[in-house]
Amino acid sequence: MINQDTLKIKLAQLVDYAKDNLSLRLEDESFVTNTLLATFGLGAPVTDTEGYGELQKDIVDPIVDYAAESGMIKEEERLLFETKLLGSVTPMPSSVVDKFDVIAANKGVKSATDWLYKLCVANNYIRMADISKNIKWEHSGKFGKIGITINLSKPEKDPKQIAMAKLLPKTGYPSCLLCPENVGYAGNLNHPARQTLRIIPIKLGGESWSLQYSPYQYYNEHVIALSNEHRPMAVNGDTLFRLLDFVDTFPHYFIGSNAALPIVGGSILTHDHYQGGSKVLPMFEVGARKNFACKKFKDVKISIADWYNSVVRICGKNKFEVHETATNVLEKWFDWSDESVGILCNTGEQHNAVTPIARKEGDGYIVDLILRNNRTDEAHPYGIFHPEEKLHNIKKEGIGIIEVMGLFILPGRLKSELETVKDYLCGKKNVDLKELNDAENPMFKHAPTILQLVNDHGTGRDRVFADKVVTDYVNDACEQILECTAVFKNDEQGQSAFDKFMTAGLGYTQI
Ligand SMILES: [Zn+2]
């Protein structure tokens with residue numbers, strides 16, 4: 001453990017770091033220094049800091065070690081304490097908003113988001129050290145490139161837990177992880193500390209919303225727009241207008257909403273929010289499979305995107321025409337049934353849903369509407385348009401907005417489980433059916449995969465070969481998962497049912 005003199009140096013280095021990297025102003029230096037000294041019961045500060053090295057290794061870790069070893073905090077509270085420490089040297093929310101506005105006014109909104117993003121990385125709100133542990137690769141699939149990430153920085157959720165969360169009464173504070181009241185929240189072992197979170201007020205469709213970055217960064221500058229009001233997710237014409245407003249304000253970002261129903265929605269259905277960012281997601285890169293014209297707006301281009309699932313793409317320069325066209329598709333889809341392909345929009349509860357995504361290209365708007373349906377039946381208790389059970393070893397949770405666009409975020413458990421699958425192919429582990437059929441064994445869910453791969457490739461393979469076999473298997477599973485989410489399958493029957501929706505349902509003419 002460092003002594004008190006070294007602790008004082010570390011605290012002074014933290015303040016220096018904040019001045020250089022967190023836009024901490026000179027006027028706040030004494031205030032912040034005194035707050036830190038009081039936290040540790042120290043007297044006068046030191047003035048000579050000898051430079052500060054790396055934030056985590058050279059400043060934060062020694063200070064948190066001191067707090068843990070001196071009994072100020074319990075071992076499991078380390079992250080909470082670290083967040084408090086970094087929150088105390090991050091400028092107050094109002095200062096951050098003011099600086100964001102000044103940069104936006106003088107250098108443009110992209111410079112302002114660049115600055116905010118850097119701040120969120122520099123104060124460890126976005127924990128790049130954890131995120132860089134994620135395993136990532138790309139796969140060239142049938143309809144284009146898909147991205148695959150094994151997420152080692154966030155625990156996974158079961159779709160049923162997510163559905164149940166929607167039914168929970170509004171108790172506790174903050175009501176959920178997305179409420180604006182999270183800013184500055186000290187957190188506890190069930191709710192992350194948010195002293196380092198800073199949010200920017202924005203207007204969308206005349207409503208008060210906020211912009212923040214996701215702490216998990218599934219792709220570059222993963223941004224979240226959240227309603228200032230804690231209210232359930234909803235996708236309707238107003239949603240589409242807000243998405244278009246967002247891309248008017250932040251034309252360098254795309255933005256989209258998860259569908260508002262369980263199974264096809266995201267992990268948080270209780271708080272209306274959108275997700276966006278600077279990354280060009282795989283679905284954006286595919287062209288049109290078929291083009292259509294609508295009578296009302298001659299300049300609006302409508303197409304079916306050439307992608308795994310069922311995407312209606314609307315492009316145009318007139319925001320109101322694009323909005324009206326997209327709203328019409330949305331509303332028609334909500335009421336569209338076609339029993340020949342298993343689509344029943346409502347069976348006493350609503351099943352048809354949409355994942356909408358908006359972006360700008362030059363002065364044109366592009367809205368992608370991914371048609372979804374969350375119906376279940378006896379043969380498909382997890383969802384008819386959800387990954388089949390044989391794919392649940394790879395992904396069981398709802399397939400949300402990021403995945404349906406071709407960027408897979410797979411559970412962290414797969415890292416070690418896939419290594420074990422390779423052990424079977426390399427003969428490092430023997431196929432023991434009793435062991436594999438034991439439901440308590442984490443490899444139980446992979447048993448059919450292991451038996452199939454061993455049958456196809458044997459058990460005398462080297463690691464390089466096994467790596468390739470397992471990666472190919474995951475790539476193929478991800479493509480199959482995307483196909484499972486298609487309400488209109490990519491076969492003759494499915495595509496002709498899609499055409500029927502576009503022509504008979506929406507009144508468009510194929511061109
Ligand atoms: Zn909330």
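Whatever order the structure lists them in is the order used to number ligands and atoms, beginning at 1. Along the sequence shown, residues carry numbers from 1.
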I'd like to know if [X] pairs up with [Y] as an ion pair, taking the criterion as any Lys NZ or Arg NE/NH1/NH2 lying under 4.0 Å from an Asp or Glu carboxylate oxygen.
| X | Y | result |
| --- | --- | --- |
| Arg242 | Asp245 | no |
| Glu27 | Arg25 | yes |
| Glu361 | Arg313 | no |

Does Phe241 have Lys319 sitting over its ring (NZ/CZ under 6.0 Å from centre, angle to axis within 45°)?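 Pair Lys319/Phe241 counts as cation-pi.
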
Give a yes-or-no answer on whether the side chains of Asn228 and Ser208 include a donor-acceptor pair shorter than 3.5 Å.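 Their side chains do not contain a donor-acceptor pair, so the 3.5 Å distance test is not met.
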
Glu54: side chain to side chain contact (heavy atoms under 4.5 Å, CB included) partners, not counting sequence neighbours: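 With sequence neighbours excluded, Glu54 shows a side chain to side chain contact (heavy atoms under 4.5 Å, CB included) to Lys57, Asp58, given in chain and number order.
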
Protein N, O or S atoms under 2.8 Å from the Zn ion (ligand 1):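 There are 4 of them.
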
